[in-house]
Amino acid sequence: MVHINASALRDEIIERKIRYDSLVVEHRCFMLAANEEEAVLFHEVTDSFTINTPKTKLTISKGCYTIAYYWRDRPYNLYIWRNKQGKYVGAYFNIVKNTSILNNVVTFEDLILDIVVFPDGNYYILDEEELPAPLDLFENGSVQQALSTLLDSLDDLQAQTVLQSEQDYKHESLLSLLGE
């Protein structure tokens, strides 16, 4: 994968999520690395938000940032969140299909289910109640298969990608991308 020097970045790229209800949500990001099969984007969090689970919650504050990984051949993407000091604060997997990586746009179709991973490694599956059909029938079982595959490798994949993101995208080199 071609890594781009973050301090030299000024060109924006669009992350385009096509929700299951066909609503399109776009975010302006910076490209950190890319090839035809995968991309890594940077996005500053401009509005705080909280992810609630039955046992706990995770708040991502304004000024945190996302290092987002997209793969054409995987049924998910991954957001790694860091705070203003560069400390890992959590991760989020989207179950997706049809990821496309083009010159100025990364597009994917969101398949509703998500997994939030807390800093201690605990995780929670989100939005199963929003599925329009039972999980084993939804999207002909492909979402259940993607979820199962992801859960089988979740600990290693999340830990490996967080470590890789810290090595490849040092906090100090990303500071120039923050709006402060």
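All values below were derived from every heavy atom in this structure, side-chain atoms included, with hydrogens, water molecules and symmetry-related copies excluded. None of these values were measured; they are calculated from a predicted model.
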Just distance, no hydrogens or angles: give the donor-acceptor pairs under 3.5 Å from side chains in residues 153-161, sequence neighbours left out.
from: S153; atom 1: OG; to: T149; atom 2: O; distance (Å): 3.4
from: Q158; atom 1: NE2; to: Y88; atom 2: OH; distance (Å): 2.6
from: T161; atom 1: OG1; to: L157; atom 2: O; distance (Å): 2.7

- [ ] From the options L41, L78, L174, select the one residue that forms a side-chain contact (heavy atoms from CB on, under 4.5 Å) with I67.
- [x]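 It is L174, the one option of L41, L78, L174 that forms the side-chain contact (heavy atoms from CB on, under 4.5 Å) with I67.
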A side-chain contact here means heavy atoms from C-beta on lying under 4.5 Å apart; do [X] and [Y] qualify?
| X | Y | result |
| --- | --- | --- |
| N77 | F93 | no |
| R82 | S165 | yes |
| T99 | T107 | no |
| I95 | D114 | no |
| V24 | R16 | yes |
| I18 | L23 | no |
| V40 | D168 | no |
| R28 | I14 | yes |

Open item on the list: Measuring centre to centre across the rings, with the benzene-like ring taken for any Trp, is F49 within less than 6.0 Å of W81?
Closed with: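 Yes, ring centres under 6.0 Å apart.
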Open item on the list: Please confirm whether the ring centroid of F42 lies under 6.0 Å from the ring centroid of Y65.
Closed with: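 Under 6.0 Å, so yes.
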Looking at every non-hydrogen atom in both residues, tell me the closest pair between [X] and [Y] and how far apart they are.
| X | Y | result |
| --- | --- | --- |
| S48 | S61 | OG-CA, 3.3 Å |
| R72 | E36 | CD-O, 2.8 Å |
| W71 | E38 | CD1-CB, 3.6 Å |
| V106 | A39 | CG2-CB, 4.2 Å |

Please round to the nearest 0.5 Å and tell me the distance separating atom [atom1] of [X] and atom [atom2] of [Y].
| X | Y | atom1 | atom2 | result |
| --- | --- | --- | --- | --- |
| F118 | K55 | CZ | NZ | 10.5 Å |
| L147 | S142 | CG | OG | 11.0 Å |
| D110 | I112 | CG | CD1 | 7.5 Å |
| N52 | K57 | CG | NZ | 6.5 Å |

- [ ] Using a cut-off of 6.0 Å, state whether more than 12 heavy atoms not belonging to D120 lie near its atom CG.
- [x]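 Buried by this count: over 12 neighbours within 6.0 Å.
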- [ ] Quick one: list whatever passes side chain to side chain contact (heavy atoms under 4.5 Å, CB included) with K87, sequence neighbours left out.
- [x]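 For K87 the side chain to side chain contact (heavy atoms under 4.5 Å, CB included) partners, ignoring immediate neighbours, are N83.
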Do [X] and [Y] pair up side chain to side chain, a donor and an acceptor below 3.5 Å, judged on atom types alone?
| X | Y | value |
| --- | --- | --- |
| Y79 | E15 | yes |
| T59 | T50 | yes |
| N94 | Y76 | no |

Task: Donor-acceptor under 3.5 Å (H43 side chain, F30 main chain) - done: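 No.
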Open item on the list: Looking at K17, is its backbone amide N or carbonyl O close enough to the side chain of H27 to form a donor-acceptor pair, meaning the two atoms are under 3.5 Å apart?
Closed with: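 No, the answer is negative, given that no donor and acceptor are paired below the 3.5 Å cut-off.
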Open item on the list: Test of understanding: clusters of I, L, V, M, F, W, Y form through side-chain heavy atoms closer than 4.5 Å, transitively. Do L151 and V162 belong to the same one?
Closed with: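 Yes, L151 and V162 fall within the same hydrophobic cluster.
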Below 3.5 Å, can you tabulate the donor-acceptor pairs from side chains in residues 124-141 to any protein atom, sequence neighbours excluded?
from: E139; atom 1: OE1; to: K97; atom 2: NZ; distance (Å): 3.0
from: E139; atom 1: OE2; to: Y20; atom 2: OH; distance (Å): 2.7

Open item on the list: For a side-chain contact (heavy atoms from CB on, under 4.5 Å) check, start with the C-alpha distance between T66 and V45, then their side-chain angles and the critical distance, and finish with the verdict.
Closed with: CA-CA 7 Å; T66 306; V45 175; 4.0 Å; yes
